[in-house]
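Notes follow once the structure below has been shown.
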Amino acid sequence: MKDPRPDWDTYYLNIAKAVSKRADCTRRQVGALIVNGSRIVSTGYNGAPAKAPGCLTEGACPRGQRTLDDILPGSSYDTGPGACIALHAEQNAIIRAGLECRGSILYVTDQPCDGCDRLIQGSGIIRVAYPEGGILYS
């Protein structure tokens, strides 16, 4: 009999999707999950740094105050009128995991941006899985 349970990638991506529901962004909700072996090491979602005013709850993000026509998808999060106050989900998960990232897999609900990709590579994460069959470093 075929195992009726979801495969591991689907299972962990579904958990990352649930984590994304905590995101404090008016534009996108992204969740991330770091797994080492079969143990969940850390989770993260996009939002303002701890104790700072948030976007969704307090309207503090300049990027979130602009329309999608003003700030095109894929534009820089770090500079210009589209600057964002939030840490990305991947960044939050890596910060919380610390050295436990080495040899881990990152499951995230969207493809990492270039900045997060550099952080992921530097953290020792060996594989990234995201929806639509995306796999990096495998």
TODO: Answer whether the closest heavy-atom distance between the side chains of Tyr12 and Pro6 falls below 4.5 Å.
DONE: no
Task: Value rounded to 0.5 Å, distance of CD1 in Ile71 from CZ in Arg27 - done: 6.5 Å
Task: Minimum-distance pair of heavy atoms, taken over all atoms of Gln29 and Thr109 - done: O-OG1, 4.1 Å
Task: Minimal non-hydrogen separation, Pro112 against Glu90, with atom names - done: CA-OE2, 3.3 Å
- [ ] Taking the side chain as every heavy atom from C-beta outward, state whether Leu119 and Ile94 have any atom pair closer than 4.5 Å.
- [x] yes
Open item on the list: Could you see if Val35 belongs to whatever hydrophobic cluster contains Ile15? Use Ile, Leu, Val, Met, Phe, Trp, Tyr and a side-chain cutoff under 4.5 Å.
Closed with: yes
- [ ] Considering non-hydrogen atoms only, spot the tightest contact between Arg127 and Ile125 and give its length.
- [x] O-CG2, 3.3 Å
TODO: Only counting residues at least two apart or in another chain, list the ones meeting side-chain hydrogen bond (donor to acceptor under 3.5 Å, both in side chains) with Asn46.
DONE: none
Task: hydrophobic_cluster_shared for Ile34 and Ile120, side chain cutoff 4.5 Å - done: yes
TODO: Identify the two heavy atoms, one from Ile85 and one from Ala48, that lie closest to each other, and give their separation to 0.1 Å.
DONE: CD1-CB, 4.0 Å
TODO: Verify, without hydrogens or angle tests, whether Glu58 (side chain) and Gly54 (backbone) share a donor-acceptor contact under 3.5 angstrom.
DONE: yes
- [ ] Salt-bridge test for Asp70 and Arg63: reply yes if a basic N is under 4.0 Å from a carboxylate O, no otherwise.
- [x] no
TODO: Verify the distance criterion only: is there a donor paired with an acceptor across the side chains of Tyr130 and Asp110 at less than 3.5 Å?
DONE: no
Task: Flag side-chain contact, heavy atom, 4.5 Å: Ser42 against Leu33 - done: no
TODO: Answer yes or no: does atom CG of Asp7 have more than 12 heavy-atom neighbours from other residues, nucleotides or ligands under 6.0 Å?
DONE: yes
- [ ] Search all heavy atoms of Leu106 against all heavy atoms of Ala32 and return the closest pair with its distance.
- [x] CD1-CB, 3.9 Å
Task: Rounded distance (nearest 0.5 Å) linking atom CG of Asp24 with atom OG1 of Thr57 - done: 4.0 Å
Open item on the list: Between Asn14 and Thr10 (side chain of the first, backbone of the second, donor and acceptor by atom type, cut-off under 3.5 Å), is there such a pair?
Closed with: yes
Open item on the list: For the backbone of Pro62 and the side chain of Gln65, can you confirm whether one donor and one acceptor N or O come within less than 3.5 Å of each other?
Closed with: no
Task: Residue pair Ser123 / Cys101: nearest heavy atoms and the distance that separates them - done: O-CB, 3.5 Å
Open item on the list: I'd like to know if the side chain of Ser104 and the backbone of Glu100 have a donor-acceptor N/O pair within less than 3.5 Å.
Closed with: yes
- [ ] Check whether any side-chain heavy atom of Thr26 lies under 4.5 Å from a side-chain heavy atom of Cys61, and answer yes or no.
- [x] no
- [ ] Take Tyr45 and Asn92 through the side-chain hydrogen bond (donor to acceptor under 3.5 Å, both in side chains) test and state the conclusion after the steps.
- [x] CA-CA 7 Å; Tyr45 51 86; Asn92 272 318; over 6 Å; no
